[in-house]
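See structure below.
Chain letters run A, B, ... following the sequence lines, proteins first, then strands; residues in each count from 1. It should be emphasised that the depicted structure is a prediction, and the values quoted were computed from it without experimental measurement.
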Protein chains: 2
Amino acid sequence: MPTSTYDIDAAIPAPERARHIDLARELAQRIAAGDPPVGALLPTETELCHSTGLSRYAVRQALHKLTGLGLIERQAGVGTRVLASQPPTRYVQAMDGLSDLTRYAEGTSFTATVRERLTADARQAALLRSAPGAKWLHLSGLRTSAGALPEPIALVDIYVADEVSRLSKLPKVGQVFGVPVYQLIEAQYGLRVTRVDQEIQGVCIDGEAAAALRVEPGTPGLRIIRTYLQGERAIEVTTGLHPASRFSYTMSFRQSA
Amino acid sequence: MPTSTYDIDAAIPAPERARHIDLARELAQRIAAGDPPVGALLPTETELCHSTGLSRYAVRQALHKLTGLGLIERQAGVGTRVLASQPPTRYVQAMDGLSDLTRYAEGTSFTATVRERLTADARQAALLRSAPGAKWLHLSGLRTSAGALPEPIALVDIYVADEVSRLSKLPKVGQVFGVPVYQLIEAQYGLRVTRVDQEIQGVCIDGEAAAALRVEPGTPGLRIIRTYLQGERAIEVTTGLHPASRFSYTMSFRQSA
DNA sequence: GAGTGGTCTAGACCACGAA
DNA sequence: TCGTGGTCTAGACCACTCG
């Protein structure tokens, strides 16, 4: 039985680092080896206290660490259950805000050429994830670089759900605009976009679009469709048409700790 | 001065939930109000113990929660510093493994038509993020749906860095193949991909590519370039050419708790 | 040297789940 | 009813920072 009086431990120049970390590592290795297999219960806190000679506090710290790693699950009255033998390797693309989605838009501005209220037909309803007959505010325009010679960057369509479309600072036709519309909605209606779905398609730019973007008909491009949702409700949908020569979409996925 | 003998508190039917959570919430509100402004120090643990009547353990639990929220930063010998007045709203696209990147590949198979070792010229070096003259293993082939009539899905090129290219289970020319190459590298060299960079371009599919994919010349498509890195070293690069009619890239970003 | 947060002990009461 | 984990107290020693 390890007595572990505090003075004794203090006299020793410290064995390693924190003991709860050692214990966590040891338990993780045992779990990896399948000692308590997935789905089985780990020893109780009391048992671990006795077997390790540590206090309950230290044992709980170790188990807390394993919980954070997703290795175990704890429930009062039941015990500590093994969830996985290996900490799952996850990869994430993280953003510090939705503005990262449209970072390319920095140094550019949006000029509206169309502003109308529309009632969705069948085709539009599919894009807008709403029932046919639903009302939306529709803006259409051109995004241009803010430099001396304003090169068109993208043809943009913005749809705003009727319930959140009474926005005081919305761009007027012909007006240059800088703020993302979803930010106006969040500010004015006090809600938060909880999810953004994004689809990227390859397209050939023809006809009017080619003329507006000042590229040759048949030029390759990207169509990006973003749906901003609060919960399951789509509150804004944007589509952008980007000439491939002026835009490519890059992202980076990192292994999450 | 709250005496807070344990029996007294126990006799009361529990005020709310855990007291450390109440304290965390109160501190978060104060920080939001700028009481200790960003960059300043919070009261020390001892002061919080006195002002709240809680034990140091409970106070530390509350501060630990705020640390997890990214609101504060702690350092022994210095104190508790306010990092932000609001918990940053982050959005993440999470994957439970890199196979999610190529989920579309399920139910498809890769058939190699080219297998060679190459020495990167200037143009290839840029794609492969290595110096000109570096050696890579190059596979080229077609990804087809596994159904009865094998429709070509994508033209694929795979480049494997020389140091990790001695792979026993690598696809041979003409052979149907199912496992992602990065998994072979991870398994055989005992390393882990820590980052994947991805670029998506819009293209028009012409010439040989159109013939191989059995689409009309001038058909729109997507080119997807993935770079698999361990640390800062690129160990594999893949490019895929997908007809737009058979593939679009979708992703979803969620607000992270 | 005084004070900070990091670690740890040895107790205790509680809500909850299972027998 | 019994044992689980969740919460909490009141002490303690340590490494570290700073004046």
Side-chain angles (χ1 to χ4, degrees), chain A residues 1-27 36 40-68 71-83, chain B residues 1-27 36 40-68 71-83:
Chain A
M1 200 39 138
T3 55
S4 90
T5 309
Y6 229 74
D7 293 327
I8 293 179
D9 277 351
I12 301 172
E16 289 279 312
R17 311 169 231 191
R19 292 198 285 250
H20 70 264
I21 291 184
D22 291 340
L23 174 56
R25 184 163 24 232
E26 182 195 325
L27 289 175
L41 292 177
L42 227 59
T44 68
E45 294 183 356
T46 315
E47 288 169 345
L48 287 172
C49 289
H50 290 161
S51 65
T52 62
L54 294 177
S55 75
R56 193 172 162 217
Y57 174 88
V59 167
R60 281 177 65 77
Q61 272 190 96
L63 293 175
H64 186 71
K65 189 175 174 68
L66 297 185
T67 304
L71 283 178
I72 61 173
E73 170 196 45
R74 320 194 65 200
Q75 193 177 356
V78 178
T80 302
R81 197 170 296 281
V82 177
L83 285 182
Chain B
M1 198 40 138
T3 55
S4 93
T5 308
Y6 229 75
D7 294 326
I8 292 180
D9 278 351
I12 301 172
E16 288 279 312
R17 310 166 231 191
R19 292 197 284 249
H20 71 263
I21 291 185
D22 290 340
L23 174 56
R25 184 160 28 231
E26 183 196 325
L27 289 174
L41 292 177
L42 228 58
T44 67
E45 294 183 355
T46 314
E47 289 169 344
L48 287 172
C49 289
H50 290 159
S51 65
T52 62
L54 294 176
S55 73
R56 196 175 160 214
Y57 175 89
V59 168
R60 282 178 64 79
Q61 271 190 94
L63 293 176
H64 185 72
K65 191 176 174 68
L66 297 186
T67 303
L71 283 179
I72 60 174
E73 170 197 45
R74 320 195 66 203
Q75 192 180 356
V78 178
T80 302
R81 197 171 298 280
V82 177
L83 285 181

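- One can place CG of Leu66(B) at 15 Å from C1' of dG5(C), the figure rounded to the nearest angstrom.
- Between the C1' atom of dG5(C) and the CD atom of Gln61(B) lies a distance of 16 Å, rounded to the nearest Å.
- Within the nucleic acid shown, Leu54(A) comes within 4.0 Å of sugar-phosphate atoms alone, with no base atom in reach, counting heavy atoms only.
- Helix-axis bend for the helix from dG1(C)-dC18(D) to dA18(C)-dT1(D): the local axis fitted to the five terminal pairs at one end deviates from that at the other end by 0°, rounded to 10°.
- Across residues 72-79 of chain A, Gln75(A), Ala76(A), Gly77(A), Val78(A) each have a non-hydrogen atom less than 4.0 Å from an atom of DNA chain C (numbered order).
- With DNA chain C read from its 5' end, the first of the two nearest nucleotides for Arg56(A) and Arg60(B) is the one closest to Arg60(B).
- The residues Asp22(B) and Arg25(B) are annotated as salt-bridged, a charged nitrogen and a carboxylate oxygen being separated by less than 4.0 angstrom.
- The phosphate of dG5(C) (OP1 or OP2) has a side-chain N or O of Thr80(B) nearer than 4.0 angstrom.
- Taking atom CZ of Arg19(A) as the reference point, atom P of dC13(D) lies 14 Å away to the nearest angstrom.
- Expressed to the nearest 0.5 Å, how far CG of Leu41(A) lies from CD of Glu73(A) amounts to 10.0 Å.
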Walk me through it: do Val82(B) and Leu42(B) pass the test side chain to side chain contact (heavy atoms under 4.5 Å, CB included)?
CA-CA 7 Å; Val82(B) 177; Leu42(B) 228 58; 3.8 Å; yes
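- If you measure from atom NE2 of His50(A) to atom C1' of dT9(C), you get 13 Å, rounded to the nearest angstrom.
- Listed nucleotides dC8(D), dT9(C), dG5(C) differ in distance to Tyr57(B); the shortest reach to its side chain belongs to dC8(D).
- With rounding to whole Å, Arg81(A) atom CZ is found 19 Å from dG3(D) atom P.
- Heavy atoms only, all atoms of each residue included: Thr52(A) and Leu48(A) are closest at OG1-O, 2.6 Å.
- Closest to the Glu45(A) side chain, of the nucleotides dC8(D), dG6(D), dC8(C), is dG6(D).
- Among dC8(D), dT4(D), dC8(C), the nucleotide with an atom closest to any side-chain atom of Ser55(B) is dC8(D).
- Taking each heavy atom of Ser55(B) and Cys49(B) in turn, the nearest pair found is C-SG, 3.7 Å.
- For Arg74(B), the side chain to side chain contact (heavy atoms under 4.5 Å, CB included) partners two or more places apart in sequence, or in a different chain, are Glu45(B), Arg60(B), Leu63(B), Thr67(B), Ile72(B), Thr80(B).
- One finds the CG atom of Leu23(B) at 11.5 Å from the NZ atom of Lys65(B) (value rounded to the nearest 0.5 Å).
- For the atom pair CD1 of Ile21(B) and CZ of Arg19(B), the computed distance is 12.5 Å after rounding to the nearest 0.5 Å.
- Atom CG in Leu63(A) sits about 16 Å away from atom C1' in dT7(D), given to the nearest Å.
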